[in-house]
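Naming convention: chains lettered A, B, ... in sequence-line order (proteins, then strands); numbering from 1 in each chain.
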Amino acid sequence: METFQALLANKLSDALAKVGLPKVGELTPATDPRFGDYQTNAALVLGKQRGESPKTLAERILACLDAGDICEPPAVAGAGFVNFTLRTDAVERKAGELLLDERLGVATAESKKRIVIDFGSPNVAKPMHVGHIRSIVLGDALARIASFLGHEVIRDNHIGDWGTQFGMVIWGWKNLLDRQALARDPLAEIVRIYKETNQRATSDPQVREACRQELVKLQAGDRENLDIWNECVAFSMQDFEHVYKLLDIHYDIQCGESFYNDRLPATVDRLLKSGIAEISEGAVCVFFRDIPELTDKPCIIRKRDGGFNYATTDLATVDYRINDLKADAVWYVVGAPQVLHFKQIFEIARREGYTADFRHIPFGSILGEDRKLMKTRSGENVPLRELLEEACSRARKIVEEKNPDLSEAEKIDIGQKIGVAAVKYADLSQYRMTDYAFSWDRMLSLHGNTAPYLQNAYVRIRSIFRKAVATPQWGVEAQTGHRPVATADKLTFTDRSEINLAKRLCQFAENVPQVLNDFRPNILANYLFELANSFHTFYESCPVLKSEEPLRSSRLALCDLSGRVLQRGLDLLGIKVPEKM
RNA sequence: GCGCCCGUAGCUCAGCCGGAUAGAGCAACGGAUUUCUAAUCCGUAGGUCGAGUGUUCGAGUCACUCCGGGCGCGCCA
């Protein structure tokens, strides 16, 4: 099934061919409702190229354009734009088709790729904090969208489980560990000993040296240290899993830094042998003398003391993802401060002959109400787990106020769906590079571009169907599963708000693929907001269950379709919808 | 010093490949409910798109310069 945009674009290029003109310009959604539904600037581009009047060219193109089956006679406007307005009967037909389509009109990608998506990447022995949420939420949404579009996605959690911090954790474990505290809250105790050791190491050179020794022993395979390390990793993973469950995140593989540990020497050797890397001041470096902005910024891949660093690990990771996982593309959902690092890594990969599509997908920071990096009152990172729990309990309180009759279990379930959704949506609805100001009041607000607003649109739809199911003769049949599907042989839209809503529904298929152009889930979020808005407007002006046939069936169909697009769209963002709220 | 990102309404933000008179939401003000959830809808008001120059039929968008904020840059990750 083709979108209106694709259909019109095809008709336009047919017309251009008939007139003997090259295929230029673009056919896009109209920038303003006054200009109809779609517009093309083809005549403007041609006019410039050929030095002819755009308006005359537009008329010539229109004379050969055969689009009467889907739109009103197109009009030339402005400097030479051609505006298209969809015919209502074409929208009615399309809505009918969408009703029967599992994919709601969304086509799969023409070339399907195997994509490794690296996102989340928490550090062992440190709690996950707000700083991790954007990577997790963005990466998960992109993974969901890419899979829906037919790509083979491998979600990889590149856990920081092998850094220098382990020298300190092990020293702290041996010297400061409180076993009882460990039993009560393992991760908190590990964090405590890590912090305390860190403090001591800064002021006491002896402790610092002792930590270094512990790290050397660990890396040499010392049994005792390896056991401690294993235990710490296991405790941290438990904590991560808890958060992932709350957020509904899953990974296909979790190859942390330690996974690549024994591949590091070979990686460096190979780069030295091929001449890509060289020794400078005792360290092994890669220089980028031919790239102006990188000439004075070499990448160290082996330290003077023989140790490896994160660049080495990332290069070994590239090898693994390409050679073993056979990835066509690798997406790194990592914060903006690391753009330079990835520029270097990708350039080295290119020099090694890797042709895969490497993408760094950077994002901005989360700021507190004071516009500075979000921290707790005491200046610490805000633990993600606590943040999510607060979101859920705040949401639960609001549910309590608005809908006190729900059962206790329902309130908890709904509170969780709304709370988690609010946190995710606040992030995803904004352009990823913009630093964003965290605000409970804004994200949990029931007005405006928020998760609860979208969820409410869905809930209103579900409520209609709960009532309608009782009277199946009205054109609603209860199906297996919880969802009754509306059917209507011939849909009829008369009200302005019905037509607007239906057109909006047809645009779902145009918006979803766009997200991957520049990795912007906010395109989908904004679309869903507009859809919810159109639905609410329709809901206000068009009674559904109380209307007469054939309107009633048509409207039920619109409700059904709206509900399915909202549910699917939010699902692609990793957001769940409640049945009631 | 070099490099990257950001600067749009009082506040929070859209505006990806250059398109028509720059859009939402919040807050403010004014309306709408015997109605399928008012957790909503409709309306009003609000702008030299940080400043300037250039490129062109056309610039919030592209190029250059400057201002302001954030971040990154050989042995942390």
Report task. May I have the step-by-step check of ring pair (Phe, Tyr, Trp, His ring centres under 6.0 Å) for A:His341 and A:Phe346, ending in yes or no? Result -> CA-CA 9 Å; A:His341 169 68; A:Phe346 296 169; 8.7 Å; no

Hey, can you pull the donor-acceptor pairs under 3.5 Å for the side chains in residues 448-457 of chain A, sequence neighbours left out?
from     : atom 1 : to       : atom 2 : distance (Å)
A:Asn449 : OD1    : A:Tyr425 : OH     : 2.6
A:Thr450 : OG1    : A:Ser445 : O      : 2.8
A:Thr450 : OG1    : A:Tyr453 : N      : 3.3
A:Tyr453 : OH     : A:Asn533 : OD1    : 3.4
A:Gln455 : NE2    : A:Lys417 : O      : 3.4
A:Gln455 : NE2    : A:Lys576 : O      : 2.9

Report summary line: The contact string for nucleotides 68-76 of chain B, one letter per nucleotide 5' to 3', using protein heavy atoms under 4.0 Å with B, S and - for base, sugar-phosphate only and none, comes out as ---SBBBBS

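The side chain to side chain donor-acceptor pair (under 3.5 Å) contacts involving residues 43-59 of chain A comprise A:Arg50-A:Glu52, A:Ser53-A:Thr56, where partners must be two or more places apart or lie in separate chains. Identified under the salt bridge (Lys or Arg N to Asp or Glu O under 4.0 Å) test for residues 530-543 of chain A, with sequence neighbours left out: A:Arg460-A:Glu540, A:Arg504-A:Glu530.
The ring pair (Phe, Tyr, Trp, His ring centres under 6.0 Å) test applied to A:Tyr527 returns A:Phe508, not counting sequence neighbours. With sequence neighbours left out, the side chain to side chain donor-acceptor pair (under 3.5 Å) criterion links A:Thr434 to no other residue. Looking at residues two or more places apart in sequence or on another chain, you find no ring pair (Phe, Tyr, Trp, His ring centres under 6.0 Å) involving A:Trp171. Legend: residues meeting ring pair (Phe, Tyr, Trp, His ring centres under 6.0 Å) with A:Tyr38, ordered by chain and number and at least two apart, are absent. Checked against ring pair (Phe, Tyr, Trp, His ring centres under 6.0 Å), A:Tyr431 has no partners two or more places apart in sequence or in another chain.
Between B:rC36, B:rA14, B:rC17, one nucleotide has an atom nearer to the side chain of A:Lys546 than all others, and that is B:rC36. Listed nucleotides: B:rC41, B:rG19, B:rC13. Nearest to the side chain of A:Tyr453: B:rC41. Residue A:His536 places its side chain closer to B:rC41 than to any other of B:rC36, B:rC41, B:rG58.
Judged by closest nucleotide on RNA chain B, A:Asp518 is the one of A:Gln165 and A:Asp518 placed further toward the 5' end. Along RNA chain B, the nucleotide nearest to A:Ile418 and the one nearest to A:Pro292 differ in position, and the one closer to the 5' end is contacted by A:Pro292.
Consecutive pairing runs in RNA chain B reach the stem threshold at B:1-5 with B:69-73, B:10-13 with B:23-26, B:28-32 with B:40-44, B:50-54 with B:62-66, where a stem means at least three Watson-Crick or G-U wobble pairs with distances under 3.5 Å.
Distance noted for atom P between B:rC16 and B:rG10: 22 Å (whole Å). As rounded to the nearest Å, B:rA32 and B:rC57 have C1' atoms that lie 47 Å from one another. Rounded to the nearest Å, the gap between the C1' atom of B:rC29 and that of B:rA63 is 44 Å. Separation of the C1' atoms belonging to B:rC75 and B:rC6 is 31 Å when rounded to the nearest angstrom.
Using a 4.0 Å cut-off on heavy atoms, the residues of residues 34-47 of chain A that approach RNA chain B are A:Arg34, A:Phe35, A:Gln39, A:Asn41, A:Leu44, A:Val45, listed by number. At a non-hydrogen distance threshold of 4.0 Å, A:Lys402, A:Asn403 from residues 399-407 of chain A come into contact with RNA chain B.
Per the stacking criterion (ring centres < 5.5 Å, plane angle < 30°), A:Tyr431 does not stack onto the base of B:rA14.
At the phosphate of B:rA27, neither OP1 nor OP2 sits under 4.0 Å from any side-chain N or O atom of A:Arg442.
A salt bridge between A:Glu400 and A:Lys397 is absent, with no side-chain N of the basic residue lying under 4.0 Å from a carboxylate O of the acidic one. A salt bridge does not link A:Lys372 to A:Asp370: none of the charged nitrogens lies less than 4.0 Å from a carboxylate oxygen. Using a 4.0 Å cut-off between a side-chain N of Lys or Arg and a carboxylate O of Asp or Glu, A:Arg359 and A:Asp118 do not qualify as a salt bridge.
Donor-acceptor pairing under 3.5 Å is lacking for the side chains of A:Gln514 and A:Glu510.
A:Gln507 has its side chain out of reach of A:Pro29: every pair of non-hydrogen atoms, C-beta onward, lies at least 4.5 Å apart.
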